[in-house]
Amino acid sequence: MWPLYAAGFTTAFGAHGIAANLGGFSDDAVTSLLVLGGLLALYDGAEVVLKPVFGTLADRIGAKPVLVGGLVAFAGASALYVIADSPGWLWAARLGQGAAASAFSPSASALVARLNPSAKRGRAFGSYGFHKSIGYTLGPLLGGLLVWAGGLRLLFVVLATLGAAVALWAAVTVPAAPPLPKQRQTVLDLARRLTDPVFLGPTAALAAATAALSVGVGFLPVTGAAAGLGTIATGAAVSVLAATAAFVQPAAGRALDNGRLTTGTGLATGLILTAAGLACAMLPGLAGVLSAAALIGAGTGLITPLGFAALAAGTPEERMGQTMGAAELGRELGDAGGPLLIAAVATVATLTYGYAALALLTALGAALAFARRPSRAPEGTAAAAPHPSPMPSSPTRTDPDAR
């Protein structure tokens with residue numbers, strides 16, 4: 001599992017480490033806000049388009065080759081800018097990194113699900129989310145130190161080395177998870193599965209959590225500055241948000257596996273905490289900013305492992321990559337949609353009303369989640385659900401749930 005956790009750290013560290021330092025330390029490449037926005041959008045845009053594609057490819061040829069290939073491509077894209085070191089090649093490197101992350105990120109999620117039985121998936125996804133959150137937290141800080149010490153080129157050197165090292169580690173250590181036999185799926189079958197509440201509910205919760213997290217990271221410093229707080233105080237608030245999200249995830253996963261929490265109750269509770277955090281952001285001063293950060297972090301930390309565990313429990317093993325790729329797409333849309341909603345409302349009214357709008361939408365999602373709660377934990381029934389196609393009979397790789 002450790003190479004998979006390292007892959008999650010790599011994509012998070014690469015995304016935020018560069019994004020946080022493009023504007024301040026690359027005057028030769030970033031000549032305007034429009035250029036900066038384009039460079040930031042390249043990475044996320046590639047993920048929105050390609051994650052479902054690579055998730056489906058992982059089901060077809062196996063998740064491990066797509067994981068290793070994506071990490072190798074990430075290292076190559078990073079090395080491209082190291083070698084060329086020109087503003088034009090920065091665009092190509094950033095696009096290549098986003099495309100590569102689109103391959104190894106959903107593949108890693110699919111392998112987390114396939115290599116763990118249902119009874120341990122909560123803990124596994126909690127640990128995976130923890131390491132990914134650490135990457136998001138350390139990316140701006142360590143990335144800034146590297147850029148300060150040796151320029152943007154040094155950061156790309158570190159990313160190329162990290163991608164290559166994790167690729168080699170995964171190639172040697174991660175067990176093979178060959179593609180499983182599957183029934184032919186039409187476009188209509190895919191549409192039905194992706195609009196089923198079993199998929200749509202957890203994915204919507206993940207999108208809402210990602211939207212709130214993105215809003216917290218991007219707009220809480222603005223709220224703090226408007227209240228007269230300095231950069232140290234607002235930076236500490238963002239750190240509280242990221243650290244809370246990181247440390248809540250493993251605990252939530254353990255609670256799910258131990259039967260102390262169900263996915264339905266956990267997702268609904270996480271949405272309530274997230275909505276409460278967004279409401280606290282409307283309060284003035286340091287107390288409002290810190291309480292918002294802590295509650296948003298706790299809510300998103302609760303939703304993330306439970307959402308992915310619920311998706312894994314409701315997905316046939318042979319379609320795991322496709323489901324994880326589609327769910328990652330939902331998260332990316334939330335990542336972009338949350339800040340856009342806040343900005344649109346704040347432009348017409350104020351930032352306070354923007355927080356209120358997203359809080360109301362999140363609370364509505366919590367109400368729907370509580371209304372649709374099953375009478376028992378869904379993961380208990382999913383493990384016994386028959387798959388539409390037979391599992392392989394190899395003694396070295398069996399269905400984890402069958403174990």
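Start at 1 with the first residue, then count along the sequence. These numbers were taken from a predicted model, which means no experiment stands behind them.
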S.K.: Phe247 vs Phe130 aromatic rings, parallel, tilted or perpendicular, using cut-offs 30° and 60°?
M.R.: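 Because their plane-to-plane angle is over 60°, the rings of Phe247 and Phe130 count as perpendicular.
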
S.K.: How long is the gap from CZ on Arg153 to CG on Leu146, to the nearest 0.5 Å?
M.R.: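 These two atoms lie 14.5 Å from each other.
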
S.K.: Can you give me the closest heavy-atom contact between Ala63 and Leu111, atom names plus distance?
M.R.: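 Answer, listing the atom of Ala63 first, then Leu111: CB-CG, 3.6 Å.
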
S.K.: With rounding to the nearest 0.5 angstrom, report the CG to CG distance, Leu360 to Leu278.
M.R.: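 Going from the CG atom of Leu360 to the CG atom of Leu278 covers 10.0 Å.
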
S.K.: Does Thr10 use its side chain to pair, donor to acceptor, with the backbone of Ala6 at less than 3.5 Å?
M.R.: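 Side chain of Thr10 to backbone of Ala6, a donor-acceptor pair under 3.5 Å: yes, one is there.
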
S.K.: May I ask you to decide whether Lys120 forms a salt bridge with Asp257, counting only side-chain N to carboxylate O separations under 4.0 Å?
M.R.: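 Between Asp257 and Lys120 there is no salt bridge, as every charged N stays at least 4.0 Å from the carboxylate O atoms.
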
S.K.: Are Leu162 and Val166 close enough, and set up right, to give a side-chain contact (heavy atoms from CB on, under 4.5 Å), and what steps lead you there?
M.R.: CA-CA 6 Å; Leu162 178 63; Val166 177; 4.0 Å; yes

S.K.: Within the 4.5 Å heavy-atom criterion, are Arg94 and Tyr81 side-chain neighbours or not?
M.R.: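 Not touching, per the 4.5 Å side-chain cut-off.
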
S.K.: Are more than 12 heavy atoms from other residues, nucleotides or ligands located less than 6.0 Å from atom CH2 of Trp89?
M.R.: no

S.K.: Kindly state each residue pair satisfying side chain to side chain donor-acceptor pair (under 3.5 Å) with at least one member in residues 245-256, sequence neighbours excluded.
M.R.: Ser133-Gln249

S.K.: To the nearest 0.5 Å, what is the distance between CG (Leu213) and CG (Leu241)?
M.R.: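 It comes to 5.5 Å.
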
S.K.: Would you say that Thr304 contacts Thr210 through its side chain, given a criterion of any heavy-atom pair below 4.5 Å between the two side chains?
M.R.: no

S.K.: Tell me, do Leu206 and Leu267 make a side-chain contact under 4.5 Å, heavy atoms counted?
M.R.: no

S.K.: Starting at CG of Leu302, measure out to CG of Leu273 and round the result to the nearest 0.5 Å.
M.R.: 6.5 Å

S.K.: Which is it for Leu351 and Met282 under the side-chain contact (heavy atoms from CB on, under 4.5 Å) test, yes or no, and what are the steps along the way?
M.R.: CA-CA 8 Å; Leu351 185 55; Met282 301 165 61; over 6 Å; no

S.K.: Leu90 versus Leu152: any side-chain heavy-atom pair under 4.5 Å?
M.R.: yes

S.K.: Of all heavy-atom pairs between Ala312 and Phe125, which one has the smallest distance, and what is that distance?
M.R.: CB-CE1, 4.1 Å

S.K.: For residues Thr263 and Leu306, report the shortest heavy-atom separation together with the two atoms involved.
M.R.: CG2-O, 3.9 Å

S.K.: Distance-only, no hydrogens or angles: does the Lys64 side chain make a donor-acceptor pair with backbone N or O of Pro175 under 3.5 Å?
M.R.: no

S.K.: Is the shortest heavy-atom distance from the side chain of Phe156 to the side chain of Leu80 under 4.5 Å?
M.R.: no

S.K.: Angle class for the Tyr128/Tyr5 ring planes (parallel below 30°, perpendicular above 60°, tilted otherwise)?
M.R.: tilted

S.K.: Search all heavy atoms of Ile134 against all heavy atoms of Ala246 and return the closest pair with its distance.
M.R.: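 In terms of heavy atoms, the two residues are closest at CD1-CB, 4.3 Å.
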
S.K.: Would you say the side-chain atoms of Thr300 pair up with the backbone N or O of Gly297, donor to acceptor, closer than 3.5 Å?
M.R.: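 Here the side-chain-to-backbone pair exists.
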
S.K.: Would you give the length of the straight line joining atom OG of Ser107 to atom CG of Asp59, rounded to the nearest 0.5 angstrom?
M.R.: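 These two atoms lie 9.0 Å from each other.
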
S.K.: Under the side chain to side chain contact (heavy atoms under 4.5 Å, CB included) test, which residues partner Leu57, sequence neighbours left out?
M.R.: Phe54, Ile61, Val66

S.K.: Okay, side chain of Ser291, backbone of Gly288: is any donor-acceptor separation there less than 3.5 Å?
M.R.: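 Yes.
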
S.K.: Heavy atoms, side chains only, cut-off 4.5 Å: are Leu256 and Thr262 in contact?
M.R.: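 No. Closest side-chain heavy atoms not under 4.5 Å.
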
S.K.: Only counting residues at least two apart or in another chain, list the ones meeting side chain to side chain contact (heavy atoms under 4.5 Å, CB included) with Leu159.
M.R.: Phe13, Ile18, Phe74, Ser78, Gln97, Leu155

S.K.: Which atoms form the tightest heavy-atom contact between Pro305 and Gly253, and what is the distance?
M.R.: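 In terms of heavy atoms, the two residues are closest at CG-N, 4.5 Å.
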
S.K.: Between Met1 and Asn116, is there a side-chain heavy-atom distance shorter than 4.5 Å?
M.R.: yes

S.K.: Is there a side-chain contact between Val215 and Ile296 (heavy atoms, below 4.5 Å)?
M.R.: no

S.K.: Roughly how far, to the nearest 0.5 Å, is CG of Leu71 from OG1 of Thr11?
M.R.: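 Rounded to the nearest 0.5 Å, the OG1-CG separation comes out at 9.5 Å.
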
S.K.: Of all the heavy-atom pairs spanning Thr223 and Tyr355, show the shortest one and how long it is.
M.R.: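 Nearest heavy atoms, Thr223 then Tyr355: OG1-OH, 2.7 Å.
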
